[in-house]
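The structure appears right after this line, and notes come after that.
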Amino acid sequence: MSTVENIKSLCETQGISIPKLEKLLGLSKGSIYNWDKNSPSIDKVQKISDYFNVSINRVLYGFDANKFSNLTNIAKGNRTLVQFSTDTGLDQNEIVRICLGYPYDKPSVETVHKIASNNQHSILFGEDDFLEAAGYVSERQLDSTRKRATEELVDYYEKAGFTVTPENEDIVDKVHINNKNGGIVTTLSLHEFLEKGFDLLNNLTNNYEEEIYTIAAHHDGEGWTEDELQDIEEFKELLKLKRQLKKNRE
């Protein structure tokens with residue numbers, strides 16, 4: 001993969017876009033997309049690697065060959081290369097290249113799985129470590145990304161006056177969305193919440209806007225009640241939130 005594709009895959013592990021990464025790191029807008037044509041300076045690449053806590057090789061080449069080789073050698077233990085090749089079912093030449101640190105292409109997911117499955121020191125590190133070194137998204141990274149995305153989305157709902165509660169505190173697989181009066185608006189699976197949460201929030205705020213406009217139409221020229229004034233203030237906050245949502249999703 002190209003450097004840009006490598007960075008895009010790293011962004012996916014954090015649930016962010018390349019434009020947002022550029023903004024976070026103080027890089028000019030659209031600059032990363034030009035890195036396949038014009039090689040970036042080492043200090044810019046270092047910024048990327050530091051942000052994601054990965055090696056420069058992971059940014060440039062899509063995987064960390066040194067780390068993957070080190071993990072593989074530890075997994076091999078005291079077995080010979082021939083025995084390790086037999087145990088993993090991998091071609092001996094591939095095992096030799098990886099273990100001895102000769103130049104090699106990014107290992108396939110199948111290769112990663114076979115090596116991880118024959119790890120003599122699995123108590124120290126597991127398949128997630130091999131996957132990450134080989135440039136793939138691990139289950140650990142997916143869990144972290146889901147957690148961060150969920151927390152961010154819940155925060156937006158709370159700012160809009162809704163509450164989001166898990167159906168099960170131990171295993172969050174469903175969430176209840178409640179209005180400010182405590183009534184359940186809807187129940188979604190965690191996957192649906194992450195996939196459709198922003199659109200649903202937008203629809204909910206739009207419905208609330210319609211309620212406010214209805215109040216205004218029915219009381220045109222009349223004095224506002226205290227409750228209506230409170231509704232209008234909440235409406236203003238919703239408009240601010242919608243602007244922020246739109247900005248963050250661009």
Side-chain angles (χ1 to χ4, degrees), residues 1 4-25 29-30 32-33 48 51-53 109 127-128 131-132 135-217 230-250:
M1 293 195 300
V4 174
E5 287 298 316
N6 296 335
I7 295 172
K8 183 179 179 181
S9 71
L10 286 169
C11 286
E12 289 172 354
T13 68
Q14 299 290 323
I16 63 174
S17 64
I18 286 181
K20 187 168 184 178
L21 177 66
E22 290 171 334
K23 185 176 181 179
L24 289 170
L25 299 183
K29 188 175 181 180
I32 290 178
Y33 288 107
I48 302 288
Y51 179 82
F52 291 109
N53 193 29
V109 172
E127 186 163 336
D128 279 352
L131 285 167
E132 290 168 19
Y136 298 104
V137 178
S138 68
E139 188 62 34
R140 174 171 56 201
Q141 289 173 322
L142 285 175
D143 286 342
S144 177
T145 300
R146 281 193 290 262
K147 182 179 179 182
R148 186 166 45 252
T150 300
E151 290 174 349
E152 180 179 348
L153 193 49
V154 167
D155 185 56
Y156 281 124
Y157 271 80
E158 290 180 348
K159 288 178 180 177
F162 300 94
T163 58
V164 180
T165 56
E167 186 174 78
N168 186 324
E169 290 290 346
D170 297 323
I171 303 175
V172 181
D173 53 0
K174 283 187 178 181
V175 295
H176 300 301
I177 299 174
N178 309 288
N179 58 30
K180 61 182 180 180
N181 296 318
I184 296 179
V185 176
T186 187
T187 298
L188 300 171
S189 69
L190 182 59
H191 175 75
E192 289 176 317
F193 179 62
L194 291 173
E195 186 179 68
K196 304 174 182 178
F198 278 110
D199 290 333
L200 175 60
L201 181 56
N202 187 56
N203 289 337
L204 291 173
T205 55
N206 281 340
N207 290 340
Y208 187 69
E209 287 177 31
E210 291 176 4
E211 291 178 12
I212 297 297
Y213 285 131
T214 300
I215 291 173
Q230 180 61 37
D231 284 338
I232 291 171
E233 288 303 314
E234 291 178 5
F235 172 57
K236 291 179 182 177
E237 292 303 314
L238 283 172
L239 289 180
K240 292 178 184 178
L241 176 64
K242 287 187 69 176
R243 284 198 295 264
Q244 186 63 42
L245 285 171
K246 184 177 180 181
K247 182 179 178 182
N248 288 340
R249 297 181 71 185
E250 289 176 347

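Reckoned from all heavy atoms, side chains included, excluding hydrogens, waters and symmetry mates.
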Q. How long is the span from the NZ atom in Lys23 to the OG atom in Ser17, to the nearest 0.5 Å?
A. 10.0 Å
Q: For salt bridge (charged side-chain N to carboxylate O under 4.0 Å, His left out), just list the numbers for Asp143 and Lys147, CA-CA rounded to whole Å, side-chain angles, deciding distance to a tenth of an Å, and then say yes or no.
A: CA-CA 6 Å; Asp143 286 342; Lys147 182 179 179 182; over 6 Å; no
Q: Could you list the residues that satisfy side-chain contact (heavy atoms from CB on, under 4.5 Å) with Leu24, not counting sequence neighbours?
A: Ile16, Lys20, Tyr51
(Q) Could you go through Leu188 and Leu200, starting from their C-alpha distance and side-chain angles, then the distance that decides it, and tell me whether this counts as side chain to side chain contact (heavy atoms under 4.5 Å, CB included)? (A) CA-CA 11 Å; Leu188 300 171; Leu200 175 60; 3.8 Å; yes
(Q) In terms of relative ring orientation, are Phe162 and Tyr157 parallel, tilted or perpendicular, with 30° and 60° separating the classes? (A) perpendicular
Q: Return the set of residues passing salt bridge (Lys or Arg N to Asp or Glu O under 4.0 Å) with Arg140 (not counting sequence neighbours), or none when no residue passes.
A: Asp129, Glu132
Q. Atom CD in Glu127, atom OH in Tyr136: separation rounded to 0.5 Å?
A. 12.0 Å
Q.
Is there a side-chain contact between Leu201 and Ile177 in this structure, where contact means two heavy atoms from C-beta onward sitting under 4.5 Å apart?
A. no
Q. Closest approach of Leu10 and Thr13, non-hydrogen atoms and distance?
A. O-OG1, 2.5 Å
Q: Could you pull out the closest heavy-atom pair between Val137 and Leu131, with the gap in Å?
A: O-CD1, 4.5 Å
Q: Quick one: list whatever passes salt bridge (Lys or Arg N to Asp or Glu O under 4.0 Å) with Glu195, sequence neighbours left out.
A: none
Q. So do Val164 and Leu153 actually touch side chain to side chain, heavy atoms under 4.5 Å?
A. no
Q) With Thr163, which residues qualify under side-chain contact (heavy atoms from CB on, under 4.5 Å), at least two apart? A) Asn178
Q. Does the side chain to side chain contact (heavy atoms under 4.5 Å, CB included) test come out yes or no for Val175 and Thr150, once each step is laid out?
A. CA-CA 10 Å; Val175 295; Thr150 300; 5.8 Å; no
Q: Find the distance between CD (Glu22) and CD1 (Ile32) and round it off to the nearest 0.5 Å.
A: 4.5 Å
Q: Quick one: pull up NZ in Lys174 and OG1 in Thr187 and give me the separation to the nearest 0.5 Å.
A: 7.5 Å
Q) Rounded to the nearest 0.5 Å, what separation is found between the CD atom of Glu152 and the CZ atom of Phe198? A) 5.0 Å
Q) Under the side-chain contact (heavy atoms from CB on, under 4.5 Å) test, which residues partner Arg148, sequence neighbours left out? A) Gln14, Ser144, Thr145
Q: Name all residues meeting the side-chain contact (heavy atoms from CB on, under 4.5 Å) criterion together with Lys8; count only those two or more places apart in sequence or in a different chain, and write none if there are none.
A: Glu5, Glu12, Ile18
Q. Under 3.5 Å, is there a donor-acceptor pair between the side chain of Glu139 and the main chain of Asp128?
A. no
(Q) Please check if the number of heavy atoms outside His191 that lie under 6.0 Å from its NE2 is greater than 12. (A) no
(Q) Is there a side-chain contact between Phe52 and Cys11 in this structure, where contact means two heavy atoms from C-beta onward sitting under 4.5 Å apart? (A) yes
